[in-house]
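Basis for what follows: all heavy atoms, side chains included, without hydrogens, waters or symmetry-related copies. Sequential numbering from 1 along the given sequence is applied to the chain's residues.
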Amino acid sequence: MRSTSQGENGGSPHWTTFLKEFAKAPLSVGSPIATSTGTIKRQLDGVDWANTGLFVEYGPGTGEFTRYILAHLPRDAKLIAIESEDGLAAHLRRTIDDPRVTVHTGSALQARAILGDDVVGRVDYILSGLPFSALEKSDRARIVEDAARLLNDDGEFLAYQVRRTIEPSLRKVFTRVKRRRRWLNVPPYHLYWCREPKQSRPSNRVD
C-alpha cells in the first residue's frame, strides 16, 4: 500500500521506483496504485501540527505522506520513518533533504528497538501504510500493541488500509477507534484514527 501520489491517483515522479519495489516484494509493498492527494489530506486533517514534536511513519514508500508531513511539521519537530524495503529507503534518503527526518531500514516489528527506550511514551503520532492483511495475526497484534506503548497520553495511531484486517487488533488495543471509507482513491481505502490505549504502558521493554 505505501504512498506514492499526485492529484487524484495521478502520475508521480516517484512511480518508477515504487513499481520496481512492488515487483520485487508485492506483499510487503501492498499496492502499486498511487495514493491520492485528497486521501493524504483527509487522513492527516486532524493532526495538531503546532503541538507535534515527534511523528513516526511505518512504510513510507516513496514518501508522499512523508513530504506532506514535513510541509506541516514545526521546524523543531522530528519525523522518523521506518521502511522495510532497501530500495524505497534509499530513495527516500536520496530525494528528501530535510534535517527533521530520519529514515531507518527495518521492520515496524522492530520499531521499539529502532526508536529506543527514551522514545517510549513520547510519540505524538504514528502513521502506518503497512499492508496488515499480508502480515501474520501475531505480527499485526504486536505492531499495534507496541505503537500504543510508544504514543504519549494524547497520541494517535493512524492507518490507511485496503482491507479491514487490522480493525480487530485496533479495537482490542484502543478505546477510541474511528474508521472512514475513502472512496476517492484507487483502490478505496479504510482510514483509521485511534486514541486512548486500553492498558497502561508496561516498563520499557525492547525485544
May I ask you to test the [X]-[Y] pair for a side-chain heavy-atom distance under 4.5 Å?
{"X": "Leu150", "Y": "Val56", "answer": "no"}
{"X": "Glu83", "Y": "His91", "answer": "no"}
{"X": "Trp49", "Y": "Phe55", "answer": "yes"}
{"X": "Arg182", "Y": "His190", "answer": "no"}
{"X": "Arg179", "Y": "Leu191", "answer": "no"}
{"X": "Phe157", "Y": "Ser128", "answer": "yes"}
{"X": "Ile69", "Y": "Glu57", "answer": "yes"}
{"X": "Gln161", "Y": "Phe132", "answer": "yes"}

Between [X] (side chain only) and [Y] (backbone N and O only), is there a donor and an acceptor less than 3.5 Å apart?
{"X": "Thr35", "Y": "Glu64", "value": "no"}
{"X": "Gln110", "Y": "Ser107", "value": "yes"}
{"X": "Gln43", "Y": "Tyr192", "value": "yes"}
{"X": "Arg122", "Y": "Leu151", "value": "no"}

Heavy-atom pair with the smallest gap, counting every atom of [X] and [Y]:
{"X": "Ser36", "Y": "Asn185", "result": "N-OD1, 2.8 Å"}
{"X": "Ile96", "Y": "Val101", "result": "CG2-CG1, 3.9 Å"}
{"X": "Val144", "Y": "Ser169", "result": "CG1-O, 3.9 Å"}
{"X": "Val162", "Y": "Pro187", "result": "CG2-CG, 3.7 Å"}
{"X": "Arg93", "Y": "His104", "result": "NH2-C, 3.9 Å"}
{"X": "Leu135", "Y": "Arg140", "result": "O-NH1, 2.8 Å"}

At what distance, to the nearest 0.5 angstrom, does [atom1] of [X] lie from [atom2] of [Y]?
{"X": "Leu127", "Y": "Trp193", "atom1": "CG", "atom2": "CH2", "answer": "11.0 Å"}
{"X": "Ile40", "Y": "Thr66", "atom1": "CD1", "atom2": "OG1", "answer": "9.0 Å"}
{"X": "Leu79", "Y": "Leu73", "atom1": "CG", "atom2": "CG", "answer": "6.5 Å"}
{"X": "Tyr125", "Y": "Asp48", "atom1": "OH", "atom2": "CG", "answer": "5.0 Å"}
{"X": "Ile80", "Y": "Leu54", "atom1": "CD1", "atom2": "CG", "answer": "5.0 Å"}
{"X": "Leu170", "Y": "Arg164", "atom1": "CG", "atom2": "CZ", "answer": "11.0 Å"}

* Asp139 and Arg142 ion-paired at < 4.0 Å ->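 Result for this pair is no, no salt bridge flagged.
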* **Lys137, NZ: over 12 other non-hydrogen atoms inside 6.0 angstrom** => no
* To do: Step through the shown structure and confirm whether more than 12 heavy atoms of other residues, nucleotides or ligands are within 6.0 Å of CG on Asp97.
  =>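 Not buried by this count: 12 neighbours or fewer within 6.0 Å.
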* **Passing candidate, side-chain hydrogen bond (donor to acceptor under 3.5 Å, both in side chains) with Asp124, options Thr52, Asn152, Asn51** =>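 By the side-chain hydrogen bond (donor to acceptor under 3.5 Å, both in side chains) criterion, Asp124 pairs with just one of Thr52, Asn152, Asn51: Asn152.
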* Will you find, in the side chains of Arg67 and Thr62, an N or O donor that is under 3.5 Å from an N or O acceptor? -> no
* Asked: Regarding Asp86 and Thr105, is there a side-chain donor-to-acceptor distance under 3.5 Å anywhere?
  -> no
* **Counterpart residues, salt bridge (Lys or Arg N to Asp or Glu O under 4.0 Å), relative to Arg176 (two or more places apart)** => Glu196
* Taking only residues two or more places apart in sequence, or in another chain, which ones meet Glu145 in a salt bridge (Lys or Arg N to Asp or Glu O under 4.0 Å)? ->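 Glu145: no salt bridge (Lys or Arg N to Asp or Glu O under 4.0 Å) contacts found.
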* Asked: Is it true that the NZ or CZ of Arg181 lies under 6.0 Å from the centre of Trp183's six-membered ring and within 45 degrees of the ring axis?
  ->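 Positive - Arg181 is close enough to the ring of Trp183 and near enough to its axis.
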* **Aromatic ring pairing Tyr160/Tyr189, orientation class (parallel under 30°, perpendicular over 60°, tilted between)** =>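 Judged by the thresholds at 30° and 60°, the geometry between Tyr160 and Tyr189 is tilted.
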